[in-house]
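Naming convention: chains lettered A, B, ... in sequence-line order (proteins, then strands); numbering from 1 in each chain.
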Amino acid sequence: MSSYEPQTHEPNWQKIWDAENCFAAGAADDGREKYYVLEMFPYPSGRIHMGHVRNYTMGDVIARFRMAQGYNVLHPMGWDAFGMPAENAAMEKNVHPRDWTYQNIDTMRDQLKSMGLAIDWSREFATCDPTYYKHEQAMFLDFLEAGLVERRESIVNWDPVDQTVLANEQVIDGRGWRSGAPVEQKNLTQWFLKISDYSEELLNDLEGLTRWPENVRLMQKNWIGRSEGMELRFDLKGAPEGFEHLDIYTTRPDTLYGASFCAISPDHPLARKLAETNEEMAAFLTECAQRGTSEADIEAAEKKGVFTNIQASHPLDDSWMLPVYVANFVLMEYGTGAVYACPAHDQRDLDFARKYDLPVIPVVLPEGAAAEDYEIENDAFIGDGKMINSDFMNGLTPAAAFQAVAEKLETLGRGKRKTNYRLRDWGVSRQRYWGCPIPIVHCGSCGVVPVAKSDLPVTLPEDVSFDKPGNPLDRDIDWKTTTCPSCGGDAQRETDTFDTFIDSSWYYARFTELCENSATDAKSVAYWLPVDQYIGGIEHAILHLLYSRFYARAMEKTGHLHLKEPFAGLFTQGMVIHETFSTPDKIFVTPDEVTQTEDGQHVLKSDMSVAINVGPVEKMSKSKKNVVDPTNIIAKYGADTARWFMLSDSPPERDVHWTDAGVEGAYRFIQRLWRLVDSHADQLSTLANLADKHEQAVHPQSEADKALYKTVHQALAATTDDLNRLAFNKAVARIYELSNALSSAATNDGISKPVLFQGLSYLIIMAGPMIPHLAETCWQRLGHQQILAKTKWPVADDAVLMDDVITLPVQVNGKKRAEIEAPADAGEDDIKTLALADERVIKAIADKDIRKFIFVPGKIINFVV
RNA sequence: GCCCUCGUGGCGGAAUUGGUAGACGCGACGGAUUCAAAAUCCGUUGCCUUCACGGGCGUGCCAGUUCGAGUCUGGCCGAGGGCACCA
């Protein structure tokens with residue numbers, strides 16, 4: 001018996017699928033029900049990694065499964081090809097970002113093809129293709145016309161040495177990653193998409209996304225952050241001219257009598273004004289600027305502030321003056337960039353108050369506490385209770401107090417109720433070369449002028465250098481200089497390019513048809529969208545998915561789409577993780593460089609005397625070097641082994657731990673499955689006339705036949721159900737069970753050939769979406785004429801799915817004491833009689849009285865004694 | 001810091017609606033085959049206790065709800081994802 005050689009069979013089947021055009025999506029009017037399965041497209045970083053293998057294997061299983069079920073399946077692939085790494089490569093390796101990107105795409109396309117994915121490659125594109133971004137530019141102009149775009153000032157991280165804008169990840173401990181210079185903040189006029197106009201709609205429509213994970217919807221809900229509060233006006237004393245009032249936003253006006261101080265953001269206009277004349281303030285603002293713009297850094301920093309020498313009068317009592325601080329924990333982007341603080345009932349306020357010795361007045365009394373001796377120590381109280389120290393609100397609940405104080409403040413004209421959202425508008429300007437040019441011209445006399453649609457695309461200049469700091473587009477005078485589309489005079493091009501999240505906010509629509517003259521084709525998007533199953537990493541739960549939801553709405557408003565929610569079903573997969581290995585001098589090494597001695601010690605392959613430290617299991621990343629290259633795995637074991645391992649064991653939404661033992665196990669199963677089919681194929685070849693008729697009813701006669709038939713059909717029903725629910729790991733377990741059952745049954749003389757033949761055929765069909773190359777080989781070996789990729793998914797025989805006799809556990813006081821066999825349809829009384837006849841039950845109950853009898857049909861019996 | 005998720009044998013995990021905890025796989029151990037090894041096949045395998053029958057314990061920790069909790073509630077500990085210019 002020969003062993004199965006993936007290296008021969010896999011490329012062969014890939015050629016056949018290609019030649020037979022198996023995976024091309026059908027026309028939009030071919031009459032079949034459509035199914036659009038999409039995996040988040042990759043950034044062409046150089047080579048595919050195991051995360052890609054996992055993601056694309058899952059999508060492929062769904063695509064193949066739906067194809068077999070008769071759907072018209074769209075399963076495309078493309079490249080999220082603009083972005084920073086290409087510019088970094090240009091700087092480090094002196095290659096053009098375009099060349100680097102397209103070379104990477106070529107490499108990665110070959111790698112993906114070697115996985116045997118059922119992809120319609122005719123729809124492939126890269127977001128850096130002018131034929132793609134041309135439409136992106138045109139749509140932006142439509143958005144501009146529709147009032148979805150704004151231009152305004154916004155802060156960026158600025159590296160004063162490299163003279164360049166830094167991404168948050170390029171700011172390390174407040175310094176530029178290359179120059180090491182302390183980061184400054186800089187105000188730039190930038191383009192924004194008005195996603196905040198859709199806050200309410202994006203929030204409300206989450207409810208309709210029933211096939212999205214609950215946690216993703218919750219994360220988006222919290223991100224949008226709707227809150228009901230009040231905007232209050234405080235009169236200021238001692239403030240510079242033009243700053244007579246301070247507007248603050250609060251969700252807790254009920255705690256206003258617990259006010260202790262006011263705080264404004266370091267980016268607040270008042271803070272900036274003060275810094276002009278106050279050195280201490282200027283120094284503090286500089287210090288705050290060095291944290292960069294990342295919210296995580298700001299929030300995690302120690303609460304600090306500087307007193308402004310300004311006092312604010314309390315809106316409910318003009319004689320009560322509150323000191324105004326500039327504080328590093330107040331965000332300019334949220335509310336009005338200013339807050340009043342009630343330390344007793346807000347932890348951040350409390351930390352700040354303790355540091356600067358400010359009053360802490362409790363105004364909400366928890367239930368059970370006494371007003372006289374209630375004091376706040378190190379934990380603010382944020383729970384419910386009764387109002388105290390609060391004049392007219394005393395005795396009310398905080399909710400009732402909110403209403404009372406809101407009414408009073410509105411009557412006094414000191415404030416108004418306001419619904420606020422945390423969600424901010426989407427800044428889409430990037431001061432970088434490798435992105436989609438923003439199709440705008442700046443004219444001295446006409447101002448900001450859109451490029452004429454007939455002049456699109458605005459393409460990137462070819463001849464650029466990355467040896468100088470800053471944005472190459474800004475330095476390229478030839479490219480920059482143009483004429484004004486409006487007046488024909490001298491003008492300059494916009495030198496910012498788009499955030500790459502724009503590119504990925506509509507690619508799903510573009511896949512439905514690569515039409516030339518418009519972004520989308522109405523008929524094609526109407527047929528294919530929404531995406532039925534979208535699959536990608538949980539790390540995209542908020543930004544990419546929220547931007548895409550907004551973008552679909554913007555496209556709908558401008559006539560490019562007919563729907564608002566682009567992804568009907570979403571699945572977020574876990575990461576691929578691996579141990580980290582390092583040498584005694586703490587240098588990371590790849591798993592390839594490590595081997596194990598006989599006694600299990602990890603050592604360096606090249607020098608076995610060097611002991612290797614095995615570190616924590618983490619997400620595979622280049623920096624930790626804990627990566628396994630899929631190409632090596634596919635070369636050694638074949639794509640089917642890699643795919644099978646990715647689907648086995650770990651639930652798809654959780655992390656999967658890559659282990660050599662696991663891969664070996666997967667490979668052994670591939671071989672075992674081949675042996676099972678190969679060793680019985682000859683004796684079944686007399687059934688050649690049955691070859692493509694495995695769907696026809698078989699008639700099990702003997703007990704062994706009936707048992708196997710039942711096992712096969714139960715496995716088919718369960719696997720179909722598992723695949724419908726994306727429970728790949730469970731489907732894998734079913735296939736193991738069925739192959740074990742078939743392997744035992746095959747040696748049993750009582751099994752008739754048609755039953756065994758159908759069992760083996762079904763087993764191969766079930767395994768087909770997961771390990772397609774081996775499955776095709778087995779399918780052919782069994783004598784089937786048509787290839788598996790074109791074979792229909794069978795339907796299980798309902799008649800044998802239910803068992804006649806079931807085993808019921810019997811509990812006494814909630815502890816399992818026995819099991820009884822009973823007819824599946826037995827009633828409560830019969831079951832009780834049966835159970836009480838069991839000696840283990842009799843023993844457990846002994847002479848105690850039965851107080852209660854619980855019977856859950858098909859599940860359990862419980863005697864309470 | 002804030003939001004979200006996860007925690008079950010030696011390991012990955014199963015248990016679909018609150019109803020038999022540990023399916024399936026890996027590893028380990030024992031056996032068959034082999035001159036030998038690899039591969040393959042058969043069997044055992046949560047922990048403690050018992051000669052055995054059996055009994056007890058057990059889903060990160062502490063409480064609670066329930067006839068019954070891996071599953072629900074509250075608190076705690078640990079790990080991970082996101083935090084708006086990484087993609």
Side-chain angles (χ1 to χ4, degrees), chain A residues 3 40 42-43 45 80 82-85 156-157 165-171 195 213-216 218-223 225 292-303 329 333 347-348 351 422-432 499-501 504 537-544 546-547 572 574-575 577 616-619 648-651 653-657 659 661-662 664-666 668-669 671-672 675 721-722 725 727 729-730 732-737 740 743 807-816 818-819 851-854 856 858-865:
Chain A
S3 68
M40 291 180 184
Y43 178 79
S45 57
D80 188 12
F82 277 133
M84 283 202 315
V156 294
N157 298 313
V165 175
L166 296 174
N168 283 337
E169 73 160 10
Q170 296 174 321
V171 178
I195 187 172
E214 191 55 46
N215 62 328
V216 174
L218 195 54
M219 279 190 260
Q220 292 212 350
K221 183 187 168 193
N222 292 334
W223 184 262
T293 56
S294 145
E295 189 178 321
D297 291 341
I298 293 169
E299 294 260 0
E302 191 197 349
K303 314 279 173 287
F329 63 88
E333 291 87 357
Q347 192 62 45
R348 283 189 306 193
D351 295 344
R422 209 183 72 98
L423 180 65
R424 311 198 293 255
D425 278 334
W426 176 11
V428 296
S429 290
R430 297 293 181 270
Q431 296 70 38
R432 301 188 196 289
D499 177 7
T500 56
F501 271 124
S504 56
I538 184 70
E539 66 274 18
H540 295 290
I542 296 173
L543 292 180
H544 162 61
L546 193 60
Y547 288 147
T572 53
M575 298 175 301
I577 55 177
V617 180
E618 294 182 51
K619 174 180 176 173
S648 309
D649 295 350
S650 293
E653 68 278 10
R654 273 207 240 163
D655 292 349
V656 60
H657 186 177
T659 60
E664 295 280 351
R668 274 201 300 275
F669 176 71
Q671 295 297 339
R672 192 156 80 227
R675 277 195 306 275
D721 191 40
D722 288 336
R725 293 188 295 119
N729 58 324
K730 288 181 234 171
V732 164
R734 312 264 188 219
I735 288 168
Y736 271 113
E737 275 172 319
N740 289 343
S743 152
T807 307
L808 276 180
V810 183
Q811 294 184 339
V812 176
N813 282 347
K815 286 207 171 188
K816 188 180 113 180
E819 283 178 356
R851 288 226 304 256
K852 201 169 172 186
F853 173 66
I854 290 152
V856 183
K859 294 282 187 189
I860 206 163
I861 310 162
N862 190 8
F863 291 100
V864 185
V865 298

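Classified by its glycosidic torsion, B:G9 falls in the syn category, the angle being within 90° of 0.
Among the atoms of the strands shown, only primed sugar atoms or phosphate atoms (P, OP1, OP2) are found under 4.0 Å from some heavy atom of A:K730. Within 4.0 Å of A:L218, counting heavy atoms only, lie sugar-phosphate atoms of the nucleic acid but no base atom. When heavy atoms are screened at a 4.0 angstrom cut-off, A:S648 is found touching no nucleic acid atom at all. A:L423 comes within 4.0 angstrom of a base, heavy atoms only. Among the heavy atoms of the strands, none lies under 4.0 Å from A:R851. Among the heavy atoms of the strands lying under 4.0 Å from A:H540 is at least one base atom, whether or not backbone atoms are also near. Nucleic acid contact class of A:M575 (heavy atoms, under 4.0 Å, all strands): sugar-phosphate only. At a threshold of 4.0 angstrom between heavy atoms, the contacts of A:V156 include nucleobase atoms, whether or not backbone atoms are also involved. When heavy atoms are screened at a 4.0 angstrom cut-off, A:Q431 is found touching base atoms of the nucleic acid. Within the nucleic acid shown, A:F501 comes within 4.0 Å of at least one base atom, counting heavy atoms only. Residue contacts for A:G83: at a heavy-atom cut-off of 4.0 Å it reaches the sugar-phosphate backbone alone, with no base atom in range. If you check every strand for non-hydrogen atoms under 4.0 Å, A:S294 touches sugar and phosphate atoms only. Residue A:T500 is classed as a sugar-phosphate contact, given heavy-atom separations below 4.0 Å to backbone atoms only. At a threshold of 4.0 angstrom between heavy atoms, the contacts of A:W223 include nucleobase atoms, whether or not backbone atoms are also involved.
Atom CG in A:L808 sits about 11 Å away from atom P in B:U20, given to the nearest Å. The CD1 atom of A:I854 sits 14 Å away from the P atom of B:G19 (whole-angstrom rounding). Between the CD1 atom of A:I298 and the C1' atom of B:C3 there is a distance of 16 Å, given to the nearest Å. As rounded to whole Å, 13 Å separates atom C1' of B:A15 from atom CD of A:E737. Computed from coordinates, the A:E653 CD to B:A14 C1' distance equals 13 Å when rounded to whole Å. Going from atom NZ of A:K303 over to atom P of B:G1 covers 8 Å, rounded to whole Å. The separation between A:I577 atom CD1 and B:G81 atom C1' is 13 Å, rounded to whole Å. One can place NZ of A:K815 at 14 Å from C1' of B:C67, the figure rounded to the nearest angstrom.
Distance from the side chain of A:R654 is smallest to B:G13 among B:G13, B:C26, B:C4. Nearest nucleotide to the side chain of A:R668, out of B:U16, B:A39, B:C85: B:A39. Here the side chain of A:A296 is nearest to one of B:U16, B:G1, B:A84, namely B:G1. The side chain of A:N215 lies closest to B:U5 when the candidates are B:G13, B:U5, B:U20. When the nucleotides B:C85, B:G81, B:C83 are ranked by their closest atom to the side chain of A:D499, B:C85 comes out on top. Of all nucleotides listed (B:C67, B:U16, B:C26), B:U16 comes nearest to the side chain of A:D721. Of the candidate nucleotides B:U40, B:A84, B:A87, B:A84 has the atom nearest to the side chain of A:R424. Comparing B:C24, B:C86, B:G82 against the side chain of A:N740 picks out B:C24 as the nearest. The side chain of A:V165 lies closest to B:C85 when the candidates are B:A87, B:C85, B:G1. The A:K816 side chain lies nearest to B:U20 when the options are B:G80, B:U20, B:G12.
Aromatic ring pairs are classed by plane angle as parallel below 30°, tilted from 30° to 60° and perpendicular above 60°; the pair A:F853 and A:F863 is tilted. Using cut-offs of 30° and 60° on the angle between ring planes, the pair A:Y547 and A:W426 is parallel.
Atom CD1 of residue A:I860 and atom NZ of residue A:K816 lie 9.0 Å apart, to the nearest 0.5 angstrom. Between the OG1 atom of A:T500 and the CZ atom of A:R430 there is a distance of 7.5 Å, given to the nearest 0.5 Å. Between atom CG of residue A:N215 and atom OG1 of residue A:T572 there is a gap of 6.0 Å, rounded to the nearest 0.5 Å.
Distance noted for atom C1' between B:U49 and B:G30: 24 Å (whole Å). Straight-line distance between the C1' atoms of B:G60 and B:U8: roughly 10 Å, to the nearest whole Å. Going from the P atom of B:G74 to that of B:G80 covers 25 Å, rounded to whole Å. Using C1' as the reference atom, B:U73 and B:G18 are 13 Å apart when rounded to the nearest Å.
Using modelled atom types, no side-chain atom of A:D722 and backbone atom of A:A727 make a donor-acceptor pair closer than 3.5 Å. Remark: the backbone N or O of A:W223 is paired with a side-chain donor or acceptor of A:R422 at under 3.5 angstrom.
Between A:N168 and B:C83 there is no side-chain N or O to OP1 or OP2 distance below 4.0 Å. One finds a side-chain N or O of A:R430 lying less than 4.0 angstrom from the OP1 or OP2 phosphate oxygen of B:C85. Contact annotation: A:N729 side-chain N/O to B:C24 OP1/OP2 distance is not under 4.0 Å. A:R734 has no side-chain polar atom (N or O) that falls below the 4.0 Å cut-off from OP1 or OP2 of B:G25.
For B:G12, its base sits under 3.5 Å from the side chain of A:D649 at one donor and acceptor pair at least.
Comparing A:P85 and A:Q347 against RNA chain B, the residue whose closest nucleotide sits nearer the 5' end is A:Q347. Each of A:K852 and A:S650 was matched to the nucleotide of RNA chain B holding its nearest heavy atom; the match closer to the 5' end belongs to A:S650.
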Worksheet item: Are A:E333 and A:E295 close enough, and set up right, to give a side-chain contact (heavy atoms from CB on, under 4.5 Å), and what steps lead you there?
Response: CA-CA 10 Å; A:E333 291 87 357; A:E295 189 178 321; over 6 Å; no
### Query
Does the pair A:N729 and A:R654 meet the rule for a side-chain contact (heavy atoms from CB on, under 4.5 Å), with working shown?
CA-CA 11 Å; A:N729 58 324; A:R654 273 207 240 163; over 6 Å; no
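Residues A:N168 and A:N157 have side chains in contact (heavy-atom distance under 4.5 Å, counting atoms from C-beta outward). By the 4.5 Å heavy-atom criterion applied to side chains, A:I735 and A:F669 are counted as neighbours.
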Protein-nucleotides 68-75 of chain B N/O pairs under 3.5 Å:
none

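A:D721 pairs by the salt bridge (charged side-chain N to carboxylate O under 4.0 Å, His left out) definition with A:R725, not counting sequence neighbours.
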Annotated structure of RNA chain B as dot-bracket, pair cut-off 3.5 Å, Watson-Crick or G-U only, | for inter-strand, is (((((((..(((......[....)))((((((.......))))))((((....))))..(((((..]....))))))))))))....
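There is no side-chain donor-acceptor pair under 3.5 Å between A:D655 and A:S650.
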